[in-house]
There are 2 protein chains.
Amino acid sequence: METRHRPSLAGDCPVDAALEVIRGRWKGTILWRLEDGPMRTSELRRSIPGITERMLIRHLHELVADRILEREDAGTIPPHVTYRLSEYGRTLAPIVWGLCRWGRLHQERRATQSL
Amino acid sequence: METRHRPSLAGDCPVDAALEVIRGRWKGTILWRLEDGPMRTSELRRSIPGITERMLIRHLHELVADRILEREDAGTIPPHVTYRLSEYGRTLAPIVWGLCRWGRLHQERRATQSL
DNA sequence: GATAGCGCTGACATTCCCGTCAGTACTTCT
DNA sequence: AGAAGTACTGACGGGAATGTCAGCGCTATC
């Protein structure tokens with residue numbers, strides 16, 4: 001499994017420490033999707049338009065390395081792998097909700113501004 | 001938890017729309033610093049170790065373009081420019097606090113794990 | 001027996017972020 | 001006179017982040 005160790009970005013700002021975990025083109029969306037419950041890899045891929053399988057799996061594995069997600073492999077063939085928020089990952093939920101709520105606000109604002 | 005009435009596809013995910021604004025190596029830290037009140041450019045630069053003037057100004061201007069910050073130029077020479085959270089930007093405050101609180105948790109967790 | 005699906009990996013190509021360096025047009029300090 | 005500070009810009013390079021393409025081993029389905 002790819003477990004490349006990201007060099008921790010300098011600076012002890014806690015806000016930065018949190019953002020480091022979420023940084024990544026698709027991580028926010030992935031966390032949002034998983035808030036509804038566990039999902040299989042292929043299920044996630046189909047539910048996130050635009051994402052490639054490569055990036056999905058990279059981000060999933062990074063989130064597992066950060067203990068935000070848990071990976072469950074049924075060990076069957078063909079493979080059946082499920083990802084779920086860990087208990088720790090669920091402590092991120094308020095932030096994800098906040099981002100979702102504010103994001104909606106921001107989308108509306110941009111729509112009414114530019115149109 | 002019940003954000004469950006969502007469409008099956010996560011197109012234009014609001015979480016993503018929000019993260020787009022915060023994306024950037026120093027934006028979280030900048031917002032965090034400005035939560036205490038308006039600051040001059042040079043004041044910000046000195047208060048954020050590791051940041052370069054180039055990146056500070058780029059990020060500040062991007063945040064201004066996104067209407068999160070307001071720029072106030074005294075018009076004097078030498079220049080005296082102040083940045084403050086806009087009213088809109090202040091709606092981000094709960095998220096920044098959340099990130100700060102969770103970030104602290106995460107820093108502690110990593111510290112106790114690696115020891 | 002050809003195909004599609006599963007989860008995943010390796011080797012690239014590309015794109016974009018970030019940081020470095022230099023320079024602007026002043027003024028104040030030494 | 002020279003240096004330092006102020007807010008900022010343009011050019012540019014390295015490298016990280018992201019995307020593309022091929023392929024693996026296996027199975028169920030047509």
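To find a chain, count down the sequence lines: A is the first, B the second, and so on, and within it residues start at 1. Note that the structure is a prediction, hence the values are computed from the model and not measured.
- Side-chain atoms of B:T82 do not come within 3.5 Å of backbone N or O of B:M39 as any donor-acceptor pair.
- Among the nucleotides D:dG19, C:dC18, C:dT20, the one closest to any side-chain atom of A:R25 is D:dG19.
- Within the structure, side chain to side chain donor-acceptor pair (under 3.5 Å) contacts touching residues 50-62 of chain B (residues at least two apart or in different chains) are B:K27-B:E62, B:H61-B:Y83.
- The stretch residues 59-69 of chain B touches DNA chain C through B:H59, each having a heavy atom within less than 4.0 Å of the strand.
- Under 4.0 angstrom from either OP1 or OP2 of D:dG19 there lies no side-chain N or O belonging to A:R58.
- Remark: B:R33 pairs with B:D36 by the salt bridge (Lys or Arg N to Asp or Glu O under 4.0 Å) rule, at least two apart or across chains.
- Checked against salt bridge (Lys or Arg N to Asp or Glu O under 4.0 Å), A:R25 has the following partners two or more places apart in sequence or in another chain: B:D16.
- Applying the salt bridge (charged side-chain N to carboxylate O under 4.0 Å, His left out) test to residues at least two apart or on different chains, the pairs with a partner in residues 72-84 of chain A are A:R71-A:D73, A:E72-A:R84.
- Taking 4.0 angstrom as the limit, B:W26 places a side-chain polar atom (N or O) nearer than this to OP1 or OP2 of C:dG19.
- Listed by chain and residue number, B:H80 satisfy the side-chain hydrogen bond (donor to acceptor under 3.5 Å, both in side chains) test with B:R40 (two or more places apart in sequence, or in another chain).
- For B:R104, the side-chain contact (heavy atoms from CB on, under 4.5 Å) test picks out A:P14, B:C100, B:Q107, with sequence neighbours left out.
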Produce a footprint string for nucleotides 21-30 of chain C: one letter per nucleotide, 5' end first; B if the base is under 4.0 Å from any protein heavy atom, S if only the sugar-phosphate is, - if neither. B----SS---

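- Within the 4.0 Å cut-off from OP1 or OP2 of D:dA7, at least one side-chain nitrogen or oxygen of B:S42 is found.
- Listed by chain and number, the residues in a ring-ring contact (aromatic ring centres under 6.0 Å, His included) with A:W102 are A:H106, B:Y88 (sequence neighbours excluded).
- Nucleic acid contact for B:R46: sugar-phosphate only, since backbone atoms but no base atoms lie under 4.0 Å from a heavy atom of the residue.
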